[in-house]
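Okay, structure first, notes after.
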2 protein chains.
Amino acid sequence: MLVVPNTGTGRDGGVRPDRRTSMSSSLKCFQALELLASPPYELSVTDIAVELSLPVASAHRVMTTLCVAGAAEQHGKTKWYRLTGRTLWIGTGYLRRSVVYRTAFVILQEMAHKCYALGLNQALAYLATMDNDQVLYLHSVGNPTALSLSANTGERRPLHSTGLGKALLAFQPREVRDRVLARKMTTSGPRTITTEMALREELSLIRHRGYAIDDEENVQGTRCVAAPILDQTGDAVAALSVSAPAGSFGDALMEASSLIVREAALRVSVQIGYRSQTSHIHV
Amino acid sequence: MLVVPNTGTGRDGGVRPDRRTSMSSSLKCFQALELLASPPYELSVTDIAVELSLPVASAHRVMTTLCVAGAAEQHGKTKWYRLTGRTLWIGTGYLRRSVVYRTAFVILQEMAHKCYALGLNQALAYLATMDNDQVLYLHSVGNPTALSLSANTGERRPLHSTGLGKALLAFQPREVRDRVLARKMTTSGPRTITTEMALREELSLIRHRGYAIDDEENVQGTRCVAAPILDQTGDAVAALSVSAPAGSFGDALMEASSLIVREAALRVSVQIGYRSQTSHIHV
DNA sequence: GAATTGTTTTCCGCAATGCGGAAACGGGCT
DNA sequence: AGCCCGTTTCCGCATTGCGGAAAACAATTC
């Protein structure tokens, strides 16, 4: 339906667009799945057809396929489609594969409790990694309703505007840093850093003190402390953080929780192979 | 490759297998994804070709498609394929959609801590639902290494051999119960209930006391208490549980934690619309 | 360095498979 | 009933996926 230049039927030897590299029909499947993974999570064939700009008949076939594959199902009397548990199994394969996730799972919980013990009972603890030059949230502990904007497993945020992102970025190989720093930076909170120079300085500061601070840079009214998880080469493969409402997260508490977060991150780092003398971090 | 009866080419009017209903090429994609979601999590084209009994060339095209779709990627110098973060996002859509999950998230953590306070520091707390006549684990809190066999998010277990499963099954509509009870029951622990009659009795007991007990039925050396989460109709839509090594989980502790688990489950039930007078549960 | 083995990737003709307009079905409404 | 709106099935057309075979690439061995 899109105006494809010229699809090979031309007997005058027109340029064939280099198809034959991938199966386009399957791409539609994933577009549909991605739709179902976001609100309102349940859609009718027609909805899907509209969203993907497909003829209803085609959308219907796509959805039938997804049902046969066991990735989607039709719910009850309204014939709407939604994701199945099988999709959850496949998606969480990403987590099961991750050594960092398996290692940090318990430590993240302990970290959260130590923060509660400090009096930070609104705190939310996160484990995140870098994927596709973004922060990818892997796991969280705490009360998500306490923060105005909390992140779910699988969600993404920009690297430059979150504590987790800055902690990750500061300990990336230079090439990665340069690539990310070269991009446009969007504003998301009252104090988001948006210039390359300011961010470079911030990253250098983070490298020196070993952890990152987010003071309403990502979300209005939320402060956060984050520390990187390093591998044997000294590069960050993930990060841990604690966020809380700015009102209940004063400088003294930030200071105190930074110790907790750094200690937790270091513990994970060591367990995945990091040896302390390789790097700048000293707890 | 599979011996397909007869694929329509026969000019003598052979029976066409009713294709045209779904897109078979996409099914291969999901088979491949499912492979990548289980150990060893990283596979070469040839591995995938072997596992799916496909020609290498075809397997290669399937994987290229998955890469284009953003669901898989090739890792480093070894050209092996693995899942991407986008897959995690799609899969966790199942969780974000779930009201029970969102509601129980915090309560599950509180429940776990109350159990720790009892002295059960090896305890693992679970939230699970029923999907495809199986227990589907949604979330867990605690130290997974403490139990000999712990369940990850997205994992499945039979209904009849787990505390969670029995709690779910006991509060299903009769038709569902009958359907499940009619099936063969596998043994997985030293005391698994495997006869229909025994299970019926057990379920009736569970309905009366309002929660389920698993005494090494699922895993040798593990005991567990589970309570159902009920909706407005009084049917179970999910369940909460606490498991711990049998040695540290005596009858007195089981008794005490049953109160905690039931209270937590009731709290979730009420929040999702359950009204206490509709059912048999009394905390 | 050249030869060898084990991969992954590209090529390309064949026909199976997906496409989508249009028509049939279904089931909630006045 | 009769209408309306969304879902599902039909079916000829040509696009798209198929897979054997050969070419690129990579990692060892002689």
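Letters A, B, ... are given to chains in the order of the sequence lines, protein chains preceding strands, and every chain is numbered from 1. Side chains included, hydrogens not; waters and symmetry mates left out as well; all remaining heavy atoms used.
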Pairs under 3.5 Å (Watson-Crick or G-U), crossing ones as [ ], inter-strand ones as |: DNA chain D comes out as |.||||||||||||.|||||||||||||||
Distance, rounded to the nearest Å, where [X] contributes [atom1] and [N] contributes [atom2]:
X	N	atom1	atom2	result
B:Leu27	C:dG18	CG	P	8 Å
A:Lys28	D:dG17	NZ	P	8 Å
A:Leu66	C:dG18	CG	P	13 Å
A:His60	C:dG18	NE2	P	15 Å
A:Met63	C:dG18	CE	P	16 Å
B:His75	C:dT7	NE2	P	20 Å
B:Trp80	D:dA26	CH2	C1'	14 Å
A:Leu52	C:dG20	CG	P	12 Å

Residues passing the ring pair (Phe, Tyr, Trp, His ring centres under 6.0 Å) test with A:Tyr94, sequence neighbours excluded, are none
*Kindly write out the residues that satisfy ring pair (Phe, Tyr, Trp, His ring centres under 6.0 Å) with A:Tyr101, not counting sequence neighbours, or none if the list is empty.*
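By the ring pair (Phe, Tyr, Trp, His ring centres under 6.0 Å) rule, A:Tyr101 matches A:Phe105, A:His139.
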Under 4.0 Å from OP1 or OP2 of [N]: is there any side-chain N or O of [X] that close?
X	N	result
B:Lys79	C:dT7	no
A:Ser25	C:dG18	no
A:Ser44	D:dG6	no

Determine whether B:Leu230 and B:Asp235 make a side-chain contact, defined as any pair of heavy atoms from C-beta on separated by less than 4.5 Å. no
Close side-chain approach of B:Leu95 to A:Asn152, heavy-atom, < 4.5 Å:
no
Regarding A:Arg200 and A:Asp178, does a basic nitrogen lie under 4.0 Å from an acidic carboxylate oxygen?
yes
task = Identify whether the distance between the nearest side-chain nitrogen and carboxylate oxygen of A:Arg157 and A:Glu155 falls below 4.0 Å.
result =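 Between A:Glu155 and A:Arg157 there is a salt bridge, with a charged N closer than 4.0 Å to a carboxylate O.
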Out of [options], whichever nucleotide has its closest atom nearest the side chain of [X]:
X	options	answer
A:Ser58	D:dT8, C:dG20, D:dG20	C:dG20
A:Val45	D:dT8, D:dG20, C:dG20	D:dT8
A:Gln74	C:dG20, C:dT9, D:dT8	D:dT8

Note to self: Centre-to-centre under 6.0 Å for A:Phe30 and B:Phe30, is that the case here?
What the structure shows: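 Between B:Phe30 and A:Phe30, which both carry aromatic rings, the centre distance is below 6.0 Å.
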